[in-house]
Amino acid sequence: MPPGQTLATGSVGTVETRYVDLPEAVRLDCGRQLRPVRVAYETYGTLSPARDNVILVCHALSGDAHAAGFAKAPSGSTRDGFGAEDRDGSAGKGLGWWDGMIGPGKAFDTDRFFVVSTNLLGGCRGTTGPSSVDPATGRAYGSDFPVVTVADMVRTQRAFLDVLGIERLAAVAGGSLGGMQALEWAILYPDKVGAVVAIASTHALHPQGLAWNSIARDAIMRDPAWQGGHYHGTGTAPGAGMGVARMVGHVTYLSAPALAERFGRRLQSADDVRYTITEPEFQVESYLRHQADSFVRRFDANTYLYTSRALTYFDLARQHGEGSLGRALEGVSARTLLIAFSSDWLYPPAASREIEEALRALGKPVECHVIEAPYGHDCFLLEEARQTPIIRRFLAEETPS
Ligand SMILES: CC(=O)SCCNC(=O)CCNC(=O)[C@H](O)C(C)(C)COP(=O)(O)OP(=O)(O)OC[C@H]1O[C@@H](n2cnc3c(N)ncnc32)[C@H](O)[C@@H]1OP(=O)(O)O
Ligand SMILES: N[C@@H](CCO)C(=O)O
């Protein structure tokens, strides 16, 4: 734990990311198979003797397996090492990205549940992804990595849980892309999931969301340092494009009122305007550059491309329902909890309501809560106190032995 920090009440304490190598190839939607596949994971709490108290937590675009507690820095860890960085990537703080939600007495209560968190397929934090070595060439896959889908991520999680000897999940939960994975679980493995908690998520990203993701990916691919996706080992990486991608992405995770309240039109310098086109003149510009710089230090550009592509392909109606969301959800047997935030225009409450209505029309158990909060999409990371009672009450119905 870093000097000067103490464990918060309800913390899972110091944790370490571990790794599992899957025994078999993962079959992908694109028709290719991936082997070998390594999965990075962390666990919190205690597995019940009946192995029936497992909650799988799935992360969003830029998360990793380190969801809770303080990371135990592996000796000799590098920037690309795993678990040594905190929720925003600043080495040394080491707090998991959903620490406010996972722990004793928290939303995902580790006094009751055994919480498992994995880095998703295609990731850059320990699970096999485009920066992993391609056994066919001995070099990083780069853009030769197969295009993966949310369903591929879920199949990988299923295979990983088989290795751990976990057959059924009491619940699967996540925000944003993590919520997509949770919903996909309920469809792919209906008899293996007791409950779904999908927060700030959707059944299919709307066209404006597709557009912003497209701009972000283009920013990376148009950076000459991207080199067609084969920049690993060249000593350079598309940091400029990644920075722009993150700035674009980060604005979509916020709301106009949140930006107005936090930064207004305030200048970064205490003095008057400096008549510059290159320097961040406004506080909001400086903030975005800071977010870009932190992100470039902690994340792989190709993982951004593949993950963004996966979340844009995600469309439950197209994948499973021949265009009908209701048909796609017909086989779901899990109880479903949907949480959305009033200011989230990227994953708007309307999308959660559509899922709710489709499940309700099918007679499936579902509840949907829209929390009035101003911070936009990232509310699922910030509004822990308001999500906690809803989730705890919902999960109280799961009765592991
Ligand atoms: C989702 C998953 O599954 S995991 C991934 C989750 N993590 C991320 O997305 C990381 C990046 N995102 C963020 O930081 C998100 O805003 C949140 C929601 C996670 C955190 O929000 P907050 O705690 O409100 O952080 P905030 O957005 O205010 O950013 C604070 C940072 O901006 C910096 N900052 C604030 N104002 C300025 C400014 N005018 N100029 C420069 N930097 C600034 C702060 O110094 C701070 O820096 P630090 O993080 O290096 O300490
Ligand atoms: N801030 C989150 C939002 C994506 O949904 C992330 O970077 O993963």
Side-chain angles (χ1 to χ4, degrees), residues 2 42 56-68 83 85-102 108 117-120 123-125 150 153 173-182 198-202 205 209 212-213 216 242-243 245-255 258-259 261-270 279-299 303-304 307-308 310-312 314 340-341 343-348 351 373-384 387:
E42 292 189 3
L56 177 69
V57 161
C58 309
H59 68 75
L61 188 142
S62 74
D64 55 25
H66 181 47
E85 301 184 349
D86 74 343
R87 64 196 285 186
D88 65 359
S90 314
K93 295 182 203 166
L95 203 58
W97 58 266
W98 231 5
D99 185 74
M101 298 279 275
I102 302 168
F108 303 104
S117 167
T118 64
N119 183 210
L120 51 69
C124 56
R125 307 279 293 173
V150 171
M153 294 169 184
S176 189
L177 169 61
M180 292 177 175
Q181 292 163 67
I199 307 173
S201 197
T202 181
L205 199 58
W212 286 116
N213 271 274
M242 268 274 280
R246 187 56 168 180
M247 287 195 264
V248 167
H250 199 71
V251 172
T252 69
Y253 305 147
L254 303 173
S255 70
L259 282 176
E261 187 197 310
R262 279 196 62 176
F263 303 109
R265 290 184 49 85
R266 285 188 293 281
L267 297 169
Q268 183 66 14
S269 159
E279 297 312 305
E281 189 74 288
F282 294 94
Q283 285 184 14
V284 67
E285 296 175 1
S286 169
Y287 169 75
L288 285 180
R289 284 206 184 176
H290 177 82
Q291 293 291 342
D293 292 346
S294 319
F295 190 63
V296 167
R297 281 199 300 275
R298 78 178 167 95
F299 211 73
T303 283
Y304 192 111
T307 310
S308 165
L311 69 85
T312 57
F314 183 77
F341 299 93
S343 56
D344 183 353
W345 55 271
L346 190 61
Y347 290 73
Y375 310 115
H377 179 57
D378 266 345
C379 276
F380 78 95
L381 297 163
L382 295 166
E383 289 285 356
E384 293 148 340
Q387 296 174 79

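None of the values given here were measured: they were computed from a predicted structure. We count ligands from 1, going down the list as the structure has it; atoms in each ligand are counted the same way. FYI, side chains are in, hydrogens and waters are out, and symmetry mates aren't considered; it's all heavy atoms of this structure.
Short contacts between ligand 1 and Asp378, defined as distances under 4.0 Å to a heavy atom of the residue, involve ligand atoms 15 (C), 16 (O), 18 (C). Annotation for ligand 1: atoms under 4.0 Å from non-hydrogen atoms of Ala60 are 1 (C), 2 (C), 3 (O). Each of the following atoms of ligand 2 lies closer than 4.0 Å to a heavy atom of Leu61: 8 (O). Listed by number with element, the atoms of ligand 2 under 4.0 angstrom from any heavy atom of Ser62 are 6 (C), 7 (O), 8 (O).
By the 4.5 Å heavy-atom criterion applied to side chains, Phe341 and Ile199 are counted as neighbours. When side chains are defined from C-beta on, Arg246 does not count as touching Asp293, because their heavy atoms never get closer than 4.5 Å. In this structure, Leu267 and Phe282 have side chains that are in contact, with non-hydrogen atoms separated by less than 4.5 Å. Proximity of Leu205 to Trp212: side-chain heavy atoms (C-beta onward) are nowhere separated by under 4.5 Å.
Taking every heavy atom of both residues into account, Ser343 and Pro374 meet most closely at OG-C, 3.2 Å. Taking each heavy atom of Asp344 and His377 in turn, the nearest pair found is OD2-ND1, 2.9 Å. For the residue pair Phe380 and Ala60, the shortest heavy atom distance occurs at CZ-CB, 3.9 Å. The two residues Phe295 and Met242 make their nearest non-hydrogen contact at CE2-CE, 3.7 Å. Summarising the geometry of Arg289 relative to Pro280, their closest heavy-atom pair is NH1-CD, 3.6 Å, with the distance given to 0.1 Å. Of all the heavy atoms in Glu383 and Ala373, the pair that sits closest is OE2-CB, 3.5 Å.
Within the set His290, His250, Arg246, the minimum heavy-atom distance to atom 33 (C) of ligand 1 is found for His290. Taking all heavy atoms of Gln291, Gln283, Arg262 into account, the minimum distance to atom 29 (O) of ligand 1 is reached by Gln291. Closest heavy-atom approach to atom 6 (C) of ligand 1 within the set Val57, Leu288, Leu381: this belongs to Leu381. Nearest-heavy-atom check against atom 39 (N) of ligand 1 across Glu285, Gln268, Arg266 picks out Gln268.
Seen from the ring of Tyr287, Arg262 counts as a face-on cation partner, given the 6.0 Å and 45° thresholds.
Within the structure, the closest approach of Arg298 to ligand 1 falls below 4.0 Å when heavy atoms are considered. The shortest heavy-atom distance from Leu346 to ligand 2 is not under 4.0 Å. Distances from ligand 2 to the non-hydrogen atoms of Arg246 include at least one value under 4.0 Å. Not a single heavy atom of Arg289 sits closer than 4.0 Å to an atom of ligand 1. Under a 4.0 angstrom heavy-atom cut-off, Gly178 registers as lying outside contact with ligand 1. The shortest heavy-atom distance from Phe380 to ligand 1 is under 4.0 Å.
Residue contacts with ligand 2 for His59 are absent, since no atom lies close enough (heavy atoms, distance under 4.0 Å). Of the heavy atoms in Tyr287, both backbone and side-chain atoms come closer than 4.0 Å to ligand 1. Looking at Leu382 against ligand 1, only its side chain comes within 4.0 Å, counting heavy atoms.
For a threshold of 3.5 Å applied to N or O pairs, the pair formed by His59 and ligand 1 contains no separation below that value. Taking distance alone, with nitrogen or oxygen atoms compared against 3.5 Å, Ser286 approaches ligand 1 more closely than that limit. Polar contact with ligand 2: absent for Tyr253 (N/O pair, distance under 3.5 Å).
Shortest contact from atom 5 (O) of ligand 2 to any protein heavy atom: Ser176 OG, 2.6 Å. Nearest protein neighbour of atom 3 (C) of ligand 2, counting heavy atoms only, is Asp378 OD1, 3.4 Å.
Gln181 places a side-chain N or O within donor-acceptor distance of the main-chain N or O of His59, the cut-off being under 3.5 Å.
None of Asn119, Thr303, Asp64, Thr307 except one satisfies the side-chain contact (heavy atoms from CB on, under 4.5 Å) rule with Cys124; the exception is Thr303.
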